[in-house]
J.: 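I have a structure I would like to understand better, so I am pasting it below and will then ask my questions one at a time.
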2 protein chains.
Amino acid sequence: MTTVQKEANLKQKLGLFNSHWSPKTVSLFNGHDVMVAKIKGEYHWHVHHDTDDFFYVISGSMRIELRDQTIQLNEGDLYVVPVGVEHKPVADEEAHIMLIERSGTPNSGDAETAAKREFI
Amino acid sequence: MTTVQKEANLKQKLGLFNSHWSPKTVSLFNGHDVMVAKIKGEYHWHVHHDTDDFFYVISGSMRIELRDQTIQLNEGDLYVVPVGVEHKPVADEEAHIMLIERSGTPNSGDAETAAKREFI
């Protein structure tokens, strides 16, 4: 039998770190990392060529700029950036989010500049 | 370019139906259905042989009974039932959850008795 993962409270996990744009893995799901992140300011334009990018806003607000529109996300909003679509996440004030990406995906879209995978 | 999905507010989506144990699909992600569900009472023991089962509690409380332990989940808690692990979800009072399963997964573990896939 697979080892059972313990439940994770996302707000409790978010209390364990302060860094921005540095997602932390809280669980694994079908070959994906389920992560929480604190974000503030502008991230850079990037694209994932092998995964959709799942965003869920736990608290605060953010927007995801696409080349042809901007997606405004408030608490409780979910948005999936389709694979291959360039996007730029922005949060004017600190926001807390859940992210899901295929395990091994560089958060920046580029292995050289990606945040290192970290479990909490 | 892939058609861009609009953002989904999960609480707004939950306001669109009242049935229990009848997950509704709000988005797609890497071959998975992202769903919301209202649950109340006891579901039956079942197992998914081809997918982990992602539970996130949006409001209320629930528990997931496993054969060797019970996982208590409150608002903001996340739990992934590993593939192949028998489980029985229970909510003493109505709870609202986000579920993610591989697209095509019967929610009951059995195609005969599964709720029909429905987008909202």
Side-chain angles (χ1 to χ4, degrees), chain A residues 1-14 26-36 47-48 50-59 62-64 66-87 96 98-103 105, chain B residues 1-14 26-36 47-48 50-59 62-64 66-87 96 98-103 105:
Chain A
M1 189 168 158
T2 315
T3 301
V4 174
Q5 300 164 52
K6 294 302 292 177
E7 67 277 22
N9 182 275
L10 300 193
K11 290 196 175 177
Q12 183 266 328
K13 295 289 189 186
L14 283 157
V26 299
S27 191
L28 301 175
F29 169 73
N30 280 352
H32 295 79
D33 278 36
V34 181
M35 298 168 280
V36 290
V47 61
H48 303 292
D50 59 357
T51 185
D52 293 338
D53 211 357
F54 174 107
F55 289 84
Y56 174 75
V57 178
I58 297 167
S59 65
M62 68 174 296
R63 60 184 187 275
I64 300 176
L66 307 178
R67 291 299 186 185
D68 61 349
Q69 63 176 318
T70 294
I71 308 294
Q72 175 66 37
L73 299 177
N74 302 317
E75 186 174 318
D77 284 349
L78 168 76
Y79 185 73
V80 177
V81 180
V83 59
V85 172
E86 279 189 296
H87 56 286
H96 297 173
M98 179 185 355
L99 279 174
I100 310 178
E101 293 172 350
R102 214 181 285 286
S103 297
T105 300
Chain B
M1 188 167 156
T2 314
T3 301
V4 174
Q5 301 165 51
K6 295 302 292 178
E7 66 277 22
N9 182 274
L10 301 193
K11 291 195 176 176
Q12 183 266 327
K13 295 290 189 186
L14 283 158
V26 299
S27 192
L28 301 176
F29 169 72
N30 279 351
H32 294 79
D33 277 35
V34 181
M35 298 169 279
V36 290
V47 60
H48 303 293
D50 59 357
T51 185
D52 294 338
D53 211 356
F54 174 106
F55 289 83
Y56 174 75
V57 178
I58 297 167
S59 64
M62 68 175 296
R63 60 184 188 275
I64 300 175
L66 307 177
R67 291 298 186 187
D68 61 350
Q69 63 176 316
T70 295
I71 308 294
Q72 175 66 37
L73 299 178
N74 302 317
E75 186 173 320
D77 284 348
L78 168 76
Y79 185 73
V80 177
V81 180
V83 58
V85 172
E86 278 190 294
H87 56 286
H96 297 173
M98 179 184 356
L99 279 173
I100 310 178
E101 294 172 349
R102 215 180 285 285
S103 297
T105 300

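All values below were derived from every heavy atom in this structure, side-chain atoms included, with hydrogens, water molecules and symmetry-related copies excluded. Numbered from 1 within each chain, the chains take letters A, B, ... in sequence-line order.
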J.: What part of A:D53 gets closer than 4.5 Å to chain B, counting heavy atoms only: side chain, backbone, both or neither?
T.: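 Only the backbone of A:D53 comes within 4.5 Å of chain B.
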J.: Looking only at heavy atoms, which two atoms of B:V80 and A:L28 are closest? And how far apart?
T.: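 Between these two residues, the closest heavy atoms are CG1-O, 3.5 Å.
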J.: Is there side-chain contact between A:N30 and B:N30, with heavy atoms separated by less than 4.5 Å?
T.: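 They are not in side-chain contact.
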J.: Test of understanding: with side-chain hydrogen bond (donor to acceptor under 3.5 Å, both in side chains), list the residues that count as partners of A:D50, not counting sequence neighbours.
T.: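 side-chain hydrogen bond (donor to acceptor under 3.5 Å, both in side chains) list for A:D50, sorted by chain: empty.
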J.: Using heavy-atom distances under 4.5 Å, tell me whether A:F55 contacts chain B through its side chain, its backbone, both, or neither.
T.: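 It is neither, since no heavy atom gets under 4.5 Å.
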J.: Top residue by heavy-atom pair count (under 4.5 Å) with chain A, among B:K13, B:E101, B:Q72, B:H32?
T.: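 Going by pairs under 4.5 Å, I would pick B:H32.
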J.: So which of B:I100, B:V81, B:L73 has the biggest tally of heavy-atom pairs under 4.5 Å with chain A?
T.: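 Top count of heavy-atom pairs under 4.5 Å with chain A: B:I100.
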J.: Identify the two heavy atoms, one from B:E7 and one from A:I71, that lie closest to each other, and give their separation to 0.1 Å.
T.: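 Minimum heavy-atom separation between B:E7 and A:I71: OE1-CG2, 3.7 Å.
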J.: Would you mind checking which part of A:V34 comes under 4.5 Å of any heavy atom in chain B, side chain (CB onward), backbone (N, CA, C, O), both or neither?
T.: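 Contact with chain B: side chain only.
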J.: Between CG of B:L78 and CZ of A:F29, what distance do you get to the nearest 0.5 Å?
T.: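 Here the interatomic distance stands at 10.0 Å.
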J.: Who pairs with B:Q12 by side-chain hydrogen bond (donor to acceptor under 3.5 Å, both in side chains), at least two apart in sequence or on another chain?
T.: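 side-chain hydrogen bond (donor to acceptor under 3.5 Å, both in side chains) list for B:Q12, sorted by chain: empty.
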